[in-house]
Amino acid sequence: MTATIGYADVEVGTELPARTFPVSRATLVQYAGASGDFNPIHWNEKFAREVGLPDVIAHGMFTMASAIRVVTDWAGDPGAVVEYGVRFTKPVVVPNDEQGALIEVTAKVAAKLDDQRVRVDLTATSAGQKVLGMSRAVVQLA
């Protein structure tokens with residue numbers, strides 16, 4: 001599989017379509033079941049507060065996976081992402097209400113590299129706080 005975006009069709013500064021990802025307590029329980037990460041900070045409010053967190057928080061890997069969807073949707077092929085890394089800067093706090101939390105993600109092409117690859121820099125925020133730092137992906141384009 002290959003990306004559907006052509007290397008010649010992008011320039012440095014090209015913005016990818018932004019996305020917002022809702023996160024509820026149910027989402028966290030589903031992710032825990034799929035990932036096997038049942039750490040109580042992700043589902044037990046009492047425990048999360050006892051260890052100094054403001055509330056239940058989303059799994060870091062869930063946050064990271066949500067953010068990269070902006071890139072994989074744009075590229076047209078998840079396999080086109082050849083490198084991806086982030087620093088976790090703040091947790092995504094997920095209140096126990098009808099709204100939960102939102103992860104808002106923007107991205108843009110930051111550099112054109114050799115071999116028809118581009119570096120995409122992502123910005124992920126929740127509740128006005130940057131939740132991922134140094135979030136970068138290298139994408140193999142067509």
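- Taking CG of Asn44 as the start and CG of Asp55 as the end, the distance is 10.5 Å to the nearest 0.5 Å.
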Intermediate values then yes/no, salt bridge (Lys or Arg N to Asp or Glu O under 4.0 Å), Arg19 and Asp73: CA-CA 10 Å; Arg19 296 272 312 264; Asp73 289 352; 2.3 Å; yes

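- Hydrophobic clustering of Ile, Leu, Val, Met, Phe, Trp and Tyr side chains at less than 4.5 Å, counting indirect connections, keeps Val12 apart from Val138.
- The shortest distance between side-chain heavy atoms of Ile103 and Val23 falls below 4.5 Å.
- Of the possible donor and acceptor atoms, one in the side chain of Thr89 sits under 3.5 Å from a partner among the backbone N and O of Val131.
- Minimum interatomic distance between Val70 and Ala107 (heavy atoms only, all atoms of both residues): CG1-CB, 4.0 Å.
- Arg136 places no side-chain N or O within donor-acceptor distance of the main-chain N or O of Tyr84, the cut-off being under 3.5 Å.
- The minimum heavy-atom distance between Ala3 and Ala80, with the atom names listed, is CB-CB, 3.9 Å.
- For the pair Leu122 and Thr106, the minimum side-chain heavy-atom distance is 4.5 Å or more.
- A donor-acceptor contact shorter than 3.5 Å is absent between the side chain of Thr14 and the backbone of Val109.
- Distance check: His59 NE2 to Ile41 CD1 gives 8.0 Å after rounding to the nearest 0.5 Å.
- Using a 4.5 Å heavy-atom threshold, the side chains of Leu102 and Phe21 count as separate.
- Note: the hydrophobic cluster containing Val81 also contains Ile5 (ILVMFWY, side chain heavy atoms under 4.5 Å, direct or indirect links).
- The nearest pair of heavy atoms linking Ala58 to Leu28 is CA-CD2, 3.6 Å.
- Judged purely by atom type and a 3.5 angstrom limit, Tyr7 uses its side chain to pair as donor or acceptor with the backbone of Leu113.
- Minimum heavy-atom separation, Ala75 to Val139: CB-CG1, 4.0 Å.
- Cluster annotation: Val82 and Val86 are assigned to distinct hydrophobic clusters (Ile/Leu/Val/Met/Phe/Trp/Tyr, side-chain heavy-atom contacts under 4.5 Å, transitive).
- Linking Ile, Leu, Val, Met, Phe, Trp and Tyr whenever their side-chain heavy atoms come within less than 4.5 Å puts Val93 and Val51 in one cluster.
- Within the 4.5 Å cutoff, no side-chain heavy atoms of Val105 are placed close to those of Thr123.
- Residues His42 and Phe62 form no side-chain contact, since every pair of their non-hydrogen atoms from C-beta on lies 4.5 Å or further apart.
- In terms of modelled atom types and a separation under 3.5 Å, the side chain of Glu104 and the main chain of Thr125 share no donor-acceptor contact.
- If you check the side chains of Thr63 and Ser66, you find no donor sitting under 3.5 Å from an acceptor.
- Residues Trp43 and Val94 do not share a hydrophobic cluster, defined by chaining ILVMFWY side chains whose heavy atoms lie under 4.5 Å apart.
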Residue pair Val56, Asn96: steps toward the side-chain contact (heavy atoms from CB on, under 4.5 Å) verdict: CA-CA 8 Å; Val56 164; Asn96 191 21; over 6 Å; no

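- Once rounded to the nearest 0.5 Å, the distance linking CD of Gln140 with CZ of Arg117 reads 4.5 Å.
- Applying the 6.0 Å contact sphere to NZ of Lys112 captures more than 12 heavy atoms from other residues, nucleotides or ligands.
- Rounding to the nearest 0.5 Å gives a distance of 10.5 Å between CD1 of Ile68 and CH2 of Trp74.
- A salt bridge links Arg25 with Glu45: the closest approach of a Lys/Arg side-chain nitrogen to an acidic carboxylate oxygen falls below 4.0 angstrom.
- Distance check, rounded to the nearest 0.5 Å: CZ of Phe47 to CG of Leu53 gives 9.0 Å.
- Expressed to the nearest 0.5 Å, how far OG of Ser126 lies from NZ of Lys90 amounts to 12.0 Å.
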